[in-house]
Amino acid sequence: MSCLSPSTVFLSPFTSISKTTTEEEWISTSLKSPKTQNQLKTLHALIIKAGLTRNDLVFGQLFLCCSISNSMHYARQIFDGINNPKLFFYNAMIKGYSQNGAYYEALQLYSLMRFRAVTCDSFTFPVVLRSVSSSGKIDVGKELHGLVMKMGCGSRVIVQTALIDMYCACGLSTYGRYVFDAVSERDVICWNTMISGYIKCGEYSSAQELFDRMPVRNISSWNTMVDMYCKRGELEMARSLFDAMPERDVISWNALISGYAKTGESDAMRRLFDEMPQKNVVSWNVMITCYVHSRQFMEALELFRMMLVSDVKPNEVTVVGVLPACAHLGALDLGQWVHAYIDRNRVKMDVYVNTALIDMYGKCGSVDDAKRVFNNAVAKDMFLCSTMIEVLGTHGKADEAFSIFDYMRREGIKPNDVTFVGLLKACSHVGLVDTGMKYFQMMSKEFKLMPKVEHYGCVVDLLGRAGHLEEAHELIKNMPMDPHPIVWGTLLSACRIHDNVKLAEEVAVHLIELEPQSCGNYVLLSNIYSKAGRWDEAAKLRRKMKEKGMTKKPGCSSIEVNNVVSEFLAGDRTHPQCKAIYETLDKIIARLKAEGYTPCTSSVLHDVDVDEKEQVLLHHSEKLAVAFGLISTDHKTPIRIVKNLRVCDDCHLFMKMISIYYSRQIIVRDCSRFHHFTDGSCSCSDYW
DNA sequence: GTAGGGTTAG
């Protein structure tokens, strides 16, 4: 007799159980939910011990259990150990691969079946056909169609539906329709498949026509149509269908919400989200991802926090949404927390998650963690490698970026144009002009990738930073496309680094022509004049800006303390600890002035007197953030600040001095690079 | 059959 509960079995994996039908049933039931690798091994051992190895049902279920546990490699180990596997086992394995998105493996196993002359049945075809749909291997699909007819499965609606789906997924809706018309007993699923097949092929009016003709519709039929109109941006149509539905499920709501999300109507989206009767993980994911895409990072994090206290568990898609928000805000602690959450909750660590983690660590200034994630990643693709290259490049680790590129070539991972942006950036940050030019040539010659304006921008930066200003200028003049203002801006920055006022003036003329509204260019030129001691010109420029009614884009700095991100604007008084922050800032200023600090007012554009200028300067957003960091973290914690604009000369000096007199490491990420301030010097060597 | 995901020049 046996009365083992799953928990007792897992406590003592070697418990012997007698061979009774109860055991068989029990094992079958325990194979219905996901298991860890060790639990799977235990169950496998139990099955062998109980002598159930020849039981089709139990074994087939073990494979499917591996599939829902995301352990197909373990299933394959067991499968390969079996002599003459039965049809049922092949079917279970192919289904498992297909459910895990391993379509290639599914099709390979199908080929093996054919090679071993194992006869397929009507369960095999739909699963293999689904793999064909997802991998687009139309030749295999056509061969399968022939086989289906030969085997006499052609009249089964499940198989016919799978054929319709396969043809439409391969872009052959006419073939799909041909099969559809031949189906004698069409069920709703068959109709739905044909409709979504038309949608996949972009034949929307045929889809609508078929929907109108349907004898019976289910919720999915309606959902498909709602989704179709959402994807085409026709929200009124989607909305009226949604309102006309006899009943709605969570998918209907999600479809409509994501429609609003795609058109950026975040208020309408939020109203629906708050209104919906039940939310699932997709509902939360749509919301978080939409906020991230519309750069509302704080809202994204807020929603993630709400999700954690709701009864829905985040999954891998959620973290891929949240991590970029951490990355943009520089919220390293929260990012690390999310990483730990992924490990703790066994969230699937797929290549998307790993890419998002590398990007987050890189953007939060923690290259070593980014490298660790890269090295531990099981699957490495072009996105993952490009992200790693970009991270290493922005942190000045050009050699390591190059070796990732070498790795890609060895492994046959094809780079894309973004990969080269990362490589070129890596070169320009450390001044490797020749290597940069080599990569620039390589992308078109060897990889047939036409350089875009971004690549020209990188090369202008590469040449300009290294002091080859004229060459950079020539390159802009001879570019095959219109130079984007950013390209001119890059050259203007290079002029600033190398104090070339003459070229700067020329470049600024172009820039102001291209972007008359953008004040950044005026600011940069004015700073160049000030630096050269040409105050009159600087003042003239400032007056011009004032006349045009131009206002500077507000500087904004964020800092994370105890998982909470605080944002500061210049002169901001909205923070709850505002009073303490300003008092601390005053004390810091007094102390630094005693140590010889003189505010460097040249970069203040306002036409006001010196005292007022100082006030504006001393309340720059990064100064507020650093003051807040000093009062709310302990002595050893580095202070990490993220700023949306370039750091001004005065703040740069201010941070250097704090790093000496308060013995603090300060890491500031501005809009283009990192500044690591330690013991009074900065990692950018004052070139930024 | 139906909802959600990663890198980009200053």
Side-chain angles (χ1 to χ4, degrees), chain A residues 161 164-165 187-197 199 217-228 230-231 249-259 261 280-290 292-293 315-324 327 348 350-360 362-363 381-391 393 415-422 424-425 428 451-462 464-465 483-494 496 511 520-521 524 645-646 670-673 688:
Chain A
T161 306
I164 296 170
D165 181 52
D187 57 7
V188 195
I189 296 178
C190 186
W191 280 89
N192 287 348
T193 309
M194 191 62 233
I195 291 175
S196 50
I199 296 172
R217 301 183 185 113
N218 64 7
I219 298 190
S220 295
S221 329
W222 288 91
N223 287 346
T224 308
M225 297 310 288
V226 171
D227 180 50
M228 178 184 95
C230 283
K231 287 217 167 96
D249 61 7
V250 66
I251 295 176
S252 331
W253 287 87
N254 288 348
L256 194 61
I257 288 177
S258 79
N280 68 3
V281 64
V282 177
S283 327
W284 289 95
N285 291 349
V286 174
M287 295 293 295
I288 291 173
T289 309
C290 171
V292 171
H293 283 168
N315 66 3
E316 67 278 7
V317 181
T318 323
V319 300
V320 172
V322 174
L323 287 169
K348 195 164 140 198
D350 61 16
V351 64
Y352 290 92
V353 174
N354 280 319
T355 307
L357 279 170
I358 293 172
D359 184 49
M360 181 277 292
K363 290 211 170 81
D381 70 354
M382 182 271 293
F383 281 102
L384 190 98
C385 295
S386 297
T387 308
M388 192 68 233
I389 289 175
E390 139 79 25
V391 166
N416 73 348
D417 54 327
V418 183
T419 319
F420 282 96
V421 170
L424 292 171
K425 232 164 106 174
S428 72
K452 293 184 180 175
V453 66
E454 288 91 334
H455 302 96
Y456 282 94
C458 289
V459 177
V460 169
D461 189 44
L462 178 70
R465 240 179 240 278
H484 188 277
I486 291 180
V487 180
W488 287 111
T490 308
L491 186 56
L492 190 58
S493 301
R496 177 188 178 275
L511 257 175
N521 305 321
L524 208 52
L645 304 173
R646 192 184 287 269
D670 72 10
C671 57
S672 75
R673 64 174 309 149
W688 80 96

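Here is how names work: the chains are called A, B, and so on, in the same order as the sequence lines, proteins then strands, and each is numbered from 1. None of these values were measured; they are calculated from a predicted model.
- Among the nucleotides B:dA9, B:dA3, B:dG6, the one closest to any side-chain atom of A:Lys231 is B:dA3.
- Contact annotation for A:Leu491: no contact, since no heavy-atom pair falls under 4.0 Å across all strands.
- In this structure the side chain of A:Asn192 reaches within 4.5 angstrom of the side chain of A:Asn218, judged on heavy atoms.
- Atoms CE (A:Met382) and C1' (B:dT8) sit 11 Å apart, rounded to a whole Å.
- Atom P of nucleotide B:dG10 and atom CG of A:Leu492 are separated by 14 Å, given to the nearest angstrom.
- As rounded to whole Å, 8 Å separates atom P of B:dT7 from atom CZ of A:Phe383.
- Among the nucleotides B:dG10, B:dT7, B:dG4, the one closest to any side-chain atom of A:Asp461 is B:dG10.
- Not a single salt bridge (Lys or Arg N to Asp or Glu O under 4.0 Å) links A:Lys348 to another residue, sequence neighbours left out.
- A sub-4.0 Å separation between OP1 or OP2 of B:dT8 and a side-chain N or O of A:Lys363 is present.
- Using a 4.0 Å heavy-atom criterion, one finds that A:Val226 contacts no nucleic acid atom at all.
- Of the listed nucleotides (B:dA9, B:dG6, B:dT2), B:dT2 has the atom at the smallest distance from the side chain of A:Asp227.
- Nearest heavy atom pair, residue A:Leu384 against residue A:Val351, reads CD1-O, 4.0 Å.
- Listed candidates were B:dG4, B:dT8, B:dT7. Nearest to the side chain of A:Val286 is B:dG4.
- The base of B:dG6 sits with one of its N or O atoms less than 3.5 Å from a complementary donor or acceptor on the side chain of A:Asp381.
- Residue A:Val453 is in base contact, counting any heavy-atom pair closer than 4.0 Å across all strands shown.
- Computed from coordinates, the A:His484 NE2 to B:dT8 C1' distance equals 12 Å when rounded to whole Å.
- Among the nucleotides B:dG5, B:dG4, B:dT8, the one closest to any side-chain atom of A:Asn315 is B:dG4.
- Nucleic acid contact for A:Asn280: base, since at least one base atom lies under 4.0 Å from a heavy atom of the residue.
- In terms of the side chain to side chain contact (heavy atoms under 4.5 Å, CB included) criterion, residue partners of A:Asp417 (sequence neighbours excluded) are, by chain and number, A:Lys452, A:His455.
- Atom CG in A:Asn416 sits roughly 11 Å away from atom P in B:dT8 (whole-Å rounding).
- Nearest heavy-atom pair, A:Val292 versus A:Gly321, reported as atom, atom and distance to 0.1 Å: CG2-O, 3.2 Å.
- Side chain of A:Ser196, nearest nucleotide from B:dT2, B:dG10, B:dG5: B:dT2.
- Using a 4.0 Å heavy-atom distance criterion, A:His455 is classed as making no nucleic acid contact.
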Step-by-step side-chain hydrogen bond (donor to acceptor under 3.5 Å, both in side chains) determination, A:Asp461 to A:Ser428: CA-CA 6 Å; A:Asp461 189 44; A:Ser428 72; 3.0 Å; yes
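- Residue A:His293 has no polar side-chain atom (N or O) positioned under 4.0 Å from OP1 or OP2 of B:dG4.
- One interatomic measurement links the two molecules: CG of A:Leu424 to P of B:dA9, which rounds to 12 Å at whole-angstrom precision.
- For a distance-only test at 3.5 Å, the side chain of A:Asn285 fails to qualify as a donor-acceptor partner of the base of B:dG5.
- Side-chain to base pairing of A:Ser493 with B:dG10: no donor and acceptor N or O lie closer than 3.5 Å to each other.
- At a threshold of 4.0 angstrom between heavy atoms, the contacts of A:Asn218 include nucleobase atoms, whether or not backbone atoms are also involved.
- What separates CZ of A:Arg496 from C1' of B:dG10 is a distance of 12 Å, to the nearest Å.
- The aromatic ring of A:Tyr352 is stacked on the base of B:dG5, with the two ring centres less than 5.5 Å apart and the planes inclined by under 30°.
- In this structure, the side chains of A:Trp253 and A:Ser283 stay at 4.5 Å or more apart for every pair of heavy atoms.
- One atom, CG of A:Leu323, and another, P of B:dG5, lie 15 Å apart when rounded to the nearest Å.
- When distances are taken from the side chain of A:Asn254 to each of B:dG10, B:dA3, B:dT8, the shortest belongs to B:dA3.
- Closest contact between the side chain of A:Asp359 and the listed nucleotides B:dT7, B:dA9, B:dG10 involves B:dT7.
- With B:dG10, B:dT8, B:dG4 as the choices, the nucleotide that has an atom nearest any side-chain atom of A:Thr490 turns out to be B:dG10.
- Candidate nucleotides B:dA9, B:dG10, B:dG4 were compared by shortest atom distance to the side chain of A:Arg465, and B:dG10 ranks first.
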